[in-house]
Amino acid sequence: MAVARPVRLRAEGVCLDLPTELQRQSPGDGRMGTVFSSLFGRERLQRTILSDIDFHADDGDRIGVLGLNGAGKTTLLRVLNGAFPPSRGRIEREGTMQSLLNPTLGFEEHATVVENVFLRGTAMGLRVRQLRPALGSILEFAGLERRGGYELHTLSSGQRMRLGFAISTAVQPDILLMDEWLSTGDAAFLDRAQTRMQNRFHGSRIVVLASHSTTLIRSLCNKAIVLEDGRMRCFAPVEDALEHYRELVAGASEAMQRQLAQDDPLLFGAGTGMVERIRVLADAIEVSGWAVDAQDGEVRTICVQLEDALVCSGTFERIERADVLAFVGRRHGRLGFRIALPIGRRQDTSSLAERLRVTTGESEDRQGAPLPVAHGCVRHAPRVDDILS
Amino acid sequence: MRLVEDLAASARQPDHWLYAAWLDTASRYRRHRLGWLWMFVPTALYIWGVGGFLGSMQPGLSLVRFFAHIAIGFAVFRLATTVLTDAATVFTSHRAYIYDGSLRLTDFLLRSLAKSLFYFMFTLPLVAVVVVQSPDFSPAGIPVSLAALALVVANLVFLGTLVALVGARLPDLDEFMGNATLALFLLTPIVWLPDAAPAGTLRGALMRANPFHHLVESVRAPVLGGTVEAATWVFLGVLTVAGMALATFGYRKFAREVPLWL
């Protein structure tokens, strides 16, 4: 019986510094200053892109890489695939590796489909003698058997993606690196692509998959790395890592949360709602509107935040709203809410509609994306001293 | 990373660079009505066009001899300058491949070198036609010329490596190479004869300081019955050793940095 070759992937204390060039801006120097800075204001900086990356993957490990946009997920994959040598620390690797980062890399417009199979295939490190027997099945998989002699530019963008996918996934590597799940094409191709991708995923002995989708990572991976601004925040079993990721997301900006919530409803719950009225009282801000959870039922907690002032409550005032019930198609439930955020006298209450964040969720530390705020909903109640004077 | 080891590894697995270089060459003129015949056009233009025009301005000059002189000079000079000009941008233009991490840097160097060599080979039939017609043609000089050509190619590997490393860090080099090529073409005895710059004169000293003169002359003189000055062999020897040492050192020290610079 053949003994399987050992396969593993380790990163020990890996850091990556990248030189970055900046064009210095010179505000306030007038027109000439702008002209000169655009000519001469070039600056070169060393930036640390990745630090403290420490993990090991053994045979059978499926490792998810989580992080907000710009956290360094793709860069980490490029360090693992050998493109970026670590500035400090080291990477150890045993087994054949393939990265599915760029499926249409190395296509040549004026070469034929068959020539492009060889060009792209050899660019992935395959030998011509490996590709020759695989050529037929690659073309067949891409549905391009009759177009082998056509130049690439005659293909539609869908056909190109199919070709790129078919070549990229033609061989089974030991270690597979993926930047998001690769899926492409029309409905008919999508099924085949999914099956092929799943085969490659499960056929690999180690997989590293970077994704925004916690659902995907939870269902496919047993461990995960969470990156925060290039630093490894944790490497842990997937459920623990997701908990860290949730904390990370809770601290992210509103715009980022909204974007993430769209990509990934399960992390937040796909609740909806609306802030309809914001009243500024003497010592509080009163917020009212409606909100439902993913099952169109009542939400458990609501948080209202204005800078440092924060209130989270499960015992807010719930209001009957026939219009919301009709909108979500339910008979029962009090889907309206009213909640007050106590504030000090000195609190700045200007442009509240932009600054106030109202979120709902299962619990205080599992809040969804901020609710949208209705236009022109802010009312300033007259202050008592104003009335008296 | 060691240059020689990487070159050897690329030579053992030439699948990508050789195929890609051939495809670059073969597919370039596909859409043209004349197809690959276009590859002969620049050479023909220089030999009979530029050569005929400049030759006719010099009374007493044998045009047949002059054509052979220009043909070899142009072919070798173009080989050298295209390799070095391409090298200045070779890593930048292969950035996406480099980020993919599957190939070595030497694969990209060899791809651009091989492409220039394919073009060079397409000039050879025309060069052969005019060389054979020249009364200076000396079949006995062919082996020396071929050996010199091998030396030229080796030098281009080393110089190309250096140019590519510097070009990855400083995009300025590409501009410089573009500007330098035309000047060097006029300063190298291609459309004029080296006799016009005898040793001991300022012209002669300038010509002998130009590496392209020695690269061209070492290939051209033997097959056209001329003698290569001893100084040319010395120059080429020093250039090869220095180029190899610098390229090996530079590659070992900076090749790791290239992906970070891009």
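Chain letters run A, B, ... following the sequence lines, proteins first, then strands; residues in each count from 1. Any value given below was found using the heavy atoms of this structure, including those in side chains, with hydrogens, waters and symmetry copies removed.
Between B:R256 and A:S87 the shortest side-chain heavy-atom distance does not fall below 4.5 Å. Using a 4.5 Å heavy-atom threshold, the side chains of B:H16 and A:V128 count as separate.
Taking OH of B:Y29 as the start and NE2 of A:H110 as the end, the distance is 13.0 Å to the nearest 0.5 Å. The CG atom of A:N116 lies 9.0 Å from the OG atom of B:S27; values are rounded to the nearest 0.5 Å. For the atom pair B:D24 CG and A:L119 CG, the distance stands at 8.0 Å (nearest 0.5 Å). Within the model, atoms CG of B:L260 and CG of A:D17 stand 9.0 Å from one another, a figure rounded to the nearest 0.5 Å. In this structure, CG in B:D15 is found 9.0 Å from CG in A:L126, a value given to the nearest 0.5 Å. With rounding to the nearest 0.5 Å, the separation of CG in B:D100 from CD in A:Q98 is 8.5 Å.
The shortest non-hydrogen separation linking B:Y99 to A:A83 is O-CB, 3.4 Å. A:R127 approaches B:P14 most closely through the heavy-atom pair NH2-CD, 4.1 Å.
Of all residues spanning residues 88-97 of chain A, none has a heavy atom less than 4.5 Å away from chain B's heavy atoms.
With a 4.5 Å cut-off on non-hydrogen atoms, B:R169 touches chain A through its side chain but not through its backbone. In this structure, chain A has no heavy atom under 4.5 Å from any part of B:R104. Contact annotation for A:E108: only side-chain heavy atoms (C-beta onward) come within less than 4.5 Å of a heavy atom of chain B.
The local environment of CG in A:D229 is sparse, with at most 12 non-hydrogen atoms from other residues, nucleotides or ligands closer than 6.0 Å. Under a cut-off of 6.0 angstrom, the local environment of CZ in A:R47 is sparse, with at most 12 non-hydrogen atoms contributed by other residues, nucleotides or ligands.
Between B:Y19 and A:F118, the angle of the ring planes lies from 30° to 60°, which puts this pair in the tilted group.
For the set A:L101, A:T74, A:L105, A:L16, the count of heavy-atom pairs under 4.5 angstrom toward chain B peaks at A:L105.
Look at B:R30 and A:E109 and you find no salt bridge, because none of the NZ, NE, NH1 or NH2 atoms lies under 4.0 Å from a carboxylate O.
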